[in-house]
Chemist: 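Take this structure, written in structure tokens, and hold onto it; I'll ask about it next.
Everything quoted here is computed from the prediction, not taken from an experiment. In this chain, numbering begins with 1 at the start of the sequence shown. Each ligand, and each atom within it, is numbered from 1 in the order the structure gives.
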Amino acid sequence: MKFVIQGGEKLEGEIEVMGAKNAALKIFPIVFLTDEKIRVSNVPDIEDCSRAEEMLLAMGHEVKKVGKGIVEIQRKSNKCVDLPEDLMNKFRASLMFVGPMLVSCGEVNFPHPGGCVIGAGTRPIDFFLDGFLKMGAKVRISENRYRITAKKLLGAEIFFPKITVTGTESLMMTAVKAYGTTVLKNAAMEPEITALADFLNSIGAKIEGAGTPTIKIQGVKKLGGGEYGIIPDRIEAGTFAILAAASKGGPITVKNCDPSHLEALWSLFDRIGVKYKLGNTEIKIFPGRGLKSSDVATHEYPGFATDLQQPYTVLMTQAKGSSLVHEAIYDRRLLFADSLTQMGANIIMADPHRIVVSGPTKLHGRKLISPDLRAGIALVLAGLVAEGKTEIDNIYQIDRGYEKVDERLKGLGADIKRV
Ligand code: EPZ
């Protein structure tokens, strides 16, 4: 499947933001922490969520769709099974099942998780394994497969060498029923982590400090069931706001989002001269006249999100001047810049973590392939801004994280077809 885009259309109107992929994917594994039913709402209809639901079903648990974006999940067997390998290879967040399964079964076997091509090598999981070891588990590694066992999980003090989002979430979830208290230090502070902690506390966990660098978890015996409304996807909201800033049409309102999760982007918008108005649950962006360029470095939350780096790079091709884009979190997350250069952008690869974008340059449509979901959506943005026809192949990678994005972009007047 591919997207075919005729660029240059004047975009205007409203676009709705869905529930956050990186919040939703952390709720499914909670079925291993409680026997009660969990009702999740505002679940985005994206490939990664379908894979997570398939994982639960494959392991014999219940997944019931009870309405648009509303799913009821519940553990239905205490059988300890291996994580489905074919599904583990499809998305990184499959790793989130490991900790909770270790809690409920005392043993978990799995291959190295797949997903995006970004990150050093095959995106290491050493921080997870070190955390499980500190909590008393045994870890055996044999050619790309892991076997972790733990008769009893004990509270521990865990310092993360690098800030890791899923590492923080995974060990927070593993600690909620451990014996004693766990302290996570140098923890990630993303809004999805605070939301996860709030939900776990609402079903009986004892977690303090989520959203700060130090999170304290007191182990409890049992967790109940409850409802969880997934927070809006700040990366979708930021991506659409950047598209609006790059467009030449009328005002664009990004709806159903939480602007307070995107302070770093608004401060960038102020620097480059984007006109916008923040509401409580929406942002209205007015068409950019002459945008100025500005350097940016990606940083853990609340800094500028690495998941917005690629869309921002596209925006900088349309801004006046040169901007240094420093991708400080991941290796290989700048490779997509080659595609922009093919479209006519003026980008110099200074080193694997830094590029210099000079603009404004006219982009021309090309045949492209989406390497991962964030680069993929950036290529869609480039296609919308470019002159002529752009074809983007491998759009499974885009559908992993953006629900029916072609339909929603058509709502703004974009000429985009899924063929
Ligand atoms: C989460 O990935 C998100 N994924 C990513 O979004 C996001 O880009 C990233 O956080 C940073 O915000 C999910 O939540 C499913 P990290 P995560 O662990 O947790 C290194 C998307 O497109 N590291 O914070 O896997 C790692 O290589 C995805 O939705 C280790 O070295 O990212 C990276 O350099 C892309 N060892 C750095 O830490 C480990 O054990 C940060 O990675 C774990 C991570």
Chemist: Show the atoms of ligand 1 that are less than 4.0 angstrom away from any heavy atom in R333.
Modeler: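 Matching atoms, with element in brackets: 8 (O), 22 (O), 35 (C).
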Chemist: Just which atoms of ligand 1 are under 4.0 Å from any heavy atom in I125?
Modeler: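 Counting from 1, the qualifying ligand atoms are 39 (C), 40 (O).
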Chemist: When you compare the side chains of T306 and E327, does any donor N or O come within less than 3.5 Å of an acceptor on the partner?
Modeler: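 Yes, because at least one side-chain N or O of T306 sits under 3.5 Å from a partner of the opposite role on E327.
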Chemist: Give the contacting part of K21 toward ligand 1: side chain, backbone, both or neither, where contact means a heavy-atom distance below 4.0 Å.
Modeler: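 The answer is the side chain.
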Chemist: How are the rings of Y146 and H112 set to each other: parallel, tilted or perpendicular (split at 30° and 60°)?
Modeler: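 Y146 vs H112 ring planes: tilted.
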Chemist: Cut-off 3.5 Å, side chains only: do S339 and R366 have a donor facing an acceptor?
Modeler: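 There is no such pair between these side chains.
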Chemist: Counting C-beta onward and ignoring hydrogens, is there a side-chain heavy-atom pair between K216 and I207 closer than 4.5 Å?
Modeler: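 A side-chain contact is absent here, since even the closest heavy-atom pair is not under 4.5 Å.
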Chemist: I'd like to check which ligand 1 atoms, numbered from 1 as shown, lie under 4.0 Å from a non-hydrogen atom of L373.
Modeler: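 Those atoms are 22 (O).
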Chemist: If you measure every N or O of K162 against every N or O of ligand 1, does any of those distances drop under 3.5 Å?
Modeler: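 Indeed, backbone or side chain, K162 has an N or O that close.
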Chemist: Can E107 and K151 be said to form a salt bridge (charged side-chain N to carboxylate O under 4.0 Å, His left out), step by step?
Modeler: CA-CA 8 Å; E107 169 174 347; K151 286 213 182 2; over 6 Å; no
Chemist: Hydrogens and angles aside, do H326 and D295 bring a side-chain donor and acceptor to less than 3.5 Å of each other?
Modeler: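 No.
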Chemist: Examine the proximity of ligand 1 to D307 and report which part, side chain or backbone, both or neither, has a heavy atom under 4.0 Å away.
Modeler: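 The answer is the side chain.
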Chemist: Below a 4.0 angstrom heavy-atom separation, can you tell me which part of K26, side chain or backbone, both or neither, approaches ligand 1?
Modeler: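 Looking at K26 and ligand 1, just side chain atoms fall under 4.0 Å.
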Chemist: Check whether any heavy atom of Q397 sits under 4.0 Å from an atom of ligand 1.
Modeler: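 No, that is not the case, since the closest heavy atom of the residue is not under 4.0 Å from the ligand.
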Chemist: Going by atom types alone, do R374 and Y330 pair a side-chain donor with an acceptor below 3.5 Å?
Modeler: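 Y330 and R374 do not have a side-chain donor-acceptor pair below 3.5 Å.
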Chemist: Can you name the atoms of ligand 1, numbered from 1 with element, that are less than 4.0 Å from a heavy atom of R374?
Modeler: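 Close to R374: 21 (C), 22 (O), 29 (O).
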Chemist: Please confirm whether L25 approaches ligand 1 to less than 4.0 Å, judged on its heavy atoms.
Modeler: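 False for this residue.
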Chemist: Does either side chain, that of S358 or that of S322, offer a donor lying less than 3.5 Å from an acceptor on the other one?
Modeler: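 There is such a pair (donor and acceptor under 3.5 Å, judged by atom type) between the side chains of S358 and S322.
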Chemist: Out of D372, I163, D130, who gets a non-hydrogen atom closest to atom 41 (C) of ligand 1?
Modeler: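 Of the listed residues, I163 has the closest heavy atom.
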Chemist: What part of R92, side chain, backbone, both or neither, has a heavy atom within less than 4.0 angstrom of ligand 1?
Modeler: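 The answer is the side chain.
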Chemist: For atom 44 (C) of ligand 1, which of Y330, F127, F91 has the closest heavy atom?
Modeler: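 Shortest heavy-atom distance from atom 44 (C) of ligand 1: F127.
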Chemist: Return a yes/no value for T306: is any of its N or O atoms, backbone included, closer than 3.5 angstrom to an N or O of ligand 1?
Modeler: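 Min N/O separation from ligand 1 is not below 3.5 Å for T306.
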Chemist: Can you tell which of T166, I235, I329 gets a heavy atom nearest to atom 19 (O) of ligand 1?
Modeler: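 When every heavy atom of T166, I235, I329 is considered, T166 comes closest to atom 19 (O) of ligand 1.
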Chemist: Any cation-pi pair here, K162 with F127, using under 6.0 Å and within 45°?
Modeler: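 Judged by the rule (NZ or CZ under 6.0 Å from the ring centre, within 45° of its axis), K162 is not positioned above F127.
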Chemist: Hey, looking at atom 43 (C) of ligand 1, which of A20, A188, P124, A328 has the closest heavy atom?
Modeler: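 Ranked by closest heavy atom to atom 43 (C) of ligand 1, first place is P124.
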Chemist: For N22 and E192, test the side chains for any donor-to-acceptor distance below 3.5 angstrom and give the result as yes or no.
Modeler: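 Side-chain D/A pair, N22 to E192: absent.
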Chemist: Can you name the atoms of ligand 1, numbered from 1 with element, that are less than 4.0 Å from a heavy atom of F128?
Modeler: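 Counting from 1, the qualifying ligand atoms are 40 (O), 43 (C).
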Chemist: So which bit of V165 gets within less than 4.0 Å of ligand 1, heavy atoms only: side chain, backbone, both or neither?
Modeler: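 V165 to ligand 1: contacts from backbone and side chain alike.
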Chemist: Using ring centroids (six-membered ring only for Trp), state whether F110 and F97 fall under 6.0 Å.
Modeler: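 Ring-ring flag for F97/F110: false, centres at least 6.0 Å apart.
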Chemist: Have a look at ligand 1 and work out which part of Q310, if any, has a heavy atom under 4.0 Å from it: side chain, backbone, both or neither.
Modeler: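 None of Q310 does.
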Chemist: Can a side-chain donor-acceptor contact be found between D307 and Q309 if the only test is distance below 3.5 angstrom?
Modeler: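 Absent: no donor and acceptor within the cut-off.
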Chemist: Please verify whether a non-hydrogen atom of M96 lies at under 4.0 Å from ligand 1.
Modeler: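 Flag not set, M96 not near ligand 1.
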